[in-house]
Enquirer: 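Let me give you the structure first, and then I'll get to my questions.
Values below: all heavy atoms of this structure, side chains included; hydrogens, waters and symmetry mates excluded.
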Amino acid sequence: LISIAIPVSANVFNIDVPENILKIYEKCFDLDFERGKQNKKLSVILSENELDDIVLPLYLYDHCEISDFEKIEKKFLSHISFNFSCKEDNIYGRARLDSMGTKMDFLNGETLVNGRYEEAKQLTINGINVIVFSENNSCVIVYYINDVEYNIVVNGVTFDKAAEIASTL
């Protein structure tokens, strides 16, 4: 797996590379030759891995492609993570789901975002307590359902857009 992030100083270029291999962001690009082979819709990946009880924002199902899916199951820990990218909104990020097999309390905001968040808000969506944090051009959506802690980092969004994504739970 090759992934490169390089600062880009030119504003205009002639690009003849598939979008799923080369992603251009505001001041850098991400080159991944394997990404084109593994992007799938979220519903397909969850179904293939028999994860029908996972509760994620509908926005991720409707707008994003998934890559780098990882599932680890050990005696007392279950871990799922994946990258997502939403081409139409230029939003990308990573979701992490962890279960210790027992009820856990939320980690505090300092642990989740290193104590450097600009805005934080608790929302209740369909009976689920959700906390949205923002820092610069990145947000974290955190919630807990059925002994699973959901931690979704969304890049390229405003706080309001992250709250809107969270509201699709």
Side-chain angles (χ1 to χ4, degrees), residues 1 3 19-20 23 25 30 32 34-74 76-109 111-114 117-169:
L1 177 68
S3 185
E19 284 183 29
N20 60 344
K23 294 188 180 214
Y25 302 106
D30 177 24
D32 184 343
E34 296 297 313
R35 186 174 24 238
K37 298 176 186 173
Q38 55 190 341
N39 282 359
K40 292 185 178 180
K41 289 292 185 183
L42 183 57
S43 58
V44 172
I45 290 174
L46 294 179
S47 177
E48 288 174 351
N49 287 279
E50 299 176 2
L51 297 169
D52 300 323
D53 57 343
I54 299 298
V55 180
L56 292 162
L58 290 176
Y59 182 90
L60 297 181
Y61 290 94
D62 295 342
H63 300 281
C64 302
E65 288 189 342
I66 305 304
S67 63
D68 300 324
F69 180 85
E70 177 182 53
K71 178 181 175 186
I72 299 171
E73 292 186 77
K74 296 189 177 184
F76 297 108
L77 172 70
S78 179
H79 165 83
I80 298 167
S81 62
F82 57 86
N83 292 333
F84 58 87
S85 62
C86 316
K87 294 176 187 173
E88 69 226 31
D89 296 329
N90 200 26
I91 294 172
Y92 60 99
R94 184 154 183 85
R96 178 183 172 118
L97 292 63
D98 292 302
S99 175
M100 300 287 221
T102 183
K103 185 162 175 48
M104 304 180 323
D105 290 326
F106 265 131
L107 297 174
N108 65 38
T111 304
L112 290 172
V113 288
N114 300 321
Y117 55 87
E118 297 165 349
E119 194 169 352
K121 184 175 185 178
Q122 181 174 345
L123 309 168
T124 301
I125 302 161
N126 295 322
I128 302 167
N129 289 323
V130 179
I131 302 174
V132 180
F133 298 95
S134 74
E135 178 187 359
N136 297 324
N137 202 24
S138 181
C139 294
V140 181
I141 301 168
V142 181
Y143 53 100
Y144 186 83
I145 303 172
N146 298 330
D147 299 333
V148 177
E149 179 183 325
Y150 294 77
N151 188 329
I152 303 170
V153 177
V154 187
N155 299 303
V157 297
T158 63
F159 181 82
D160 291 337
K161 181 65 177 180
E164 178 185 325
I165 291 169
S167 74
T168 66
L169 273 171

Enquirer: Should Glu119 and Lys121 count as an ion pair when the cut-off is N to O under 4.0 Å?
Expert: no
Enquirer: Determine the minimum heavy-atom distance between Asp147 and Tyr144, stating which atoms define it.
Expert: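 Asp147 and Tyr144 have their closest heavy atoms at CA-OH, 3.1 Å.
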Enquirer: Contact between Leu56 and Phe84 at the side-chain level, heavy atoms closer than 4.5 Å - yes or no?
Expert: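 No. Closest side-chain heavy atoms not under 4.5 Å.
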Enquirer: Starting from the C-alpha separation in whole Å, work towards a yes-or-no answer on side chain to side chain contact (heavy atoms under 4.5 Å, CB included) for Ser67 and Glu65.
Expert: CA-CA 7 Å; Ser67 63; Glu65 288 189 342; over 6 Å; no
Enquirer: Test side chain to side chain contact (heavy atoms under 4.5 Å, CB included) on Val130 and Ile141 and set out the steps.
Expert: CA-CA 7 Å; Val130 179; Ile141 301 168; 3.7 Å; yes
Enquirer: Can you tell me how far NZ of Lys71 sits from CD of Glu48, rounded to the nearest 0.5 angstrom?
Expert: 11.5 Å
Enquirer: Enumerate donor-acceptor pairs with a distance under 3.5 Å from any side-chain N or O in residues 162-169 to protein atoms, sequence neighbours excluded.
Expert:
residue, atom, partner, partner atom, Å
Glu164, OE2, Lys161, NZ, 3.3
Ser167, OG, Glu164, O, 2.6
Thr168, OG1, Leu58, N, 3.2
Thr168, OG1, Tyr59, N, 3.1
Thr168, OG1, Ile165, O, 2.6

Enquirer: Can you tell me how far OG of Ser138 sits from CZ of Phe133, rounded to the nearest 0.5 angstrom?
Expert: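 Between atom CZ of Phe133 and atom OG of Ser138 there are 12.5 Å.
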Enquirer: Using 0.5 Å steps for rounding, measure from the OG atom of Ser78 to the CD1 atom of Ile72.
Expert: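 Rounded to the nearest 0.5 Å, the OG-CD1 separation comes out at 9.0 Å.
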Enquirer: Give the C-alpha distance, both sets of side-chain angles, the deciding distance and a yes or no for side chain to side chain contact (heavy atoms under 4.5 Å, CB included) between Ile80 and Leu51.
Expert: CA-CA 10 Å; Ile80 298 167; Leu51 297 169; 3.6 Å; yes
Enquirer: Hey, are the side chains of Pro57 and Tyr150 touching, using non-hydrogen atoms and a 4.5 Å cut-off?
Expert: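 Counting from C-beta outward, Pro57 and Tyr150 never come under 4.5 Å.
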Enquirer: Determine whether more than 12 heavy atoms belonging to other residues, nucleotides or ligands lie under 6.0 Å from atom CD of Glu70.
Expert: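 Yes, because the 6.0 Å sphere around CD of Glu70 holds more than 12 heavy atoms from other groups.
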Enquirer: Is there side-chain contact between Asp98 and Asn151, with heavy atoms separated by less than 4.5 Å?
Expert: no
Enquirer: Carefully, step by step, assess Tyr143 and Leu123 under the rule side chain to side chain contact (heavy atoms under 4.5 Å, CB included).
Expert: CA-CA 10 Å; Tyr143 53 100; Leu123 309 168; over 6 Å; no
Enquirer: Measure the spacing between OG of Ser43 and CG of Asp62 and express it to the nearest 0.5 Å.
Expert: 9.0 Å
Enquirer: Are Phe159 and Val132 packed together at the side-chain level, in the sense that at least one heavy-atom pair is separated by less than 4.5 angstrom?
Expert: yes
Enquirer: Rounded to the nearest 0.5 Å, how far does SG of Cys139 lie from CG of Asp160?
Expert: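 Rounded to the nearest 0.5 Å, the CG-SG separation comes to 9.0 Å.
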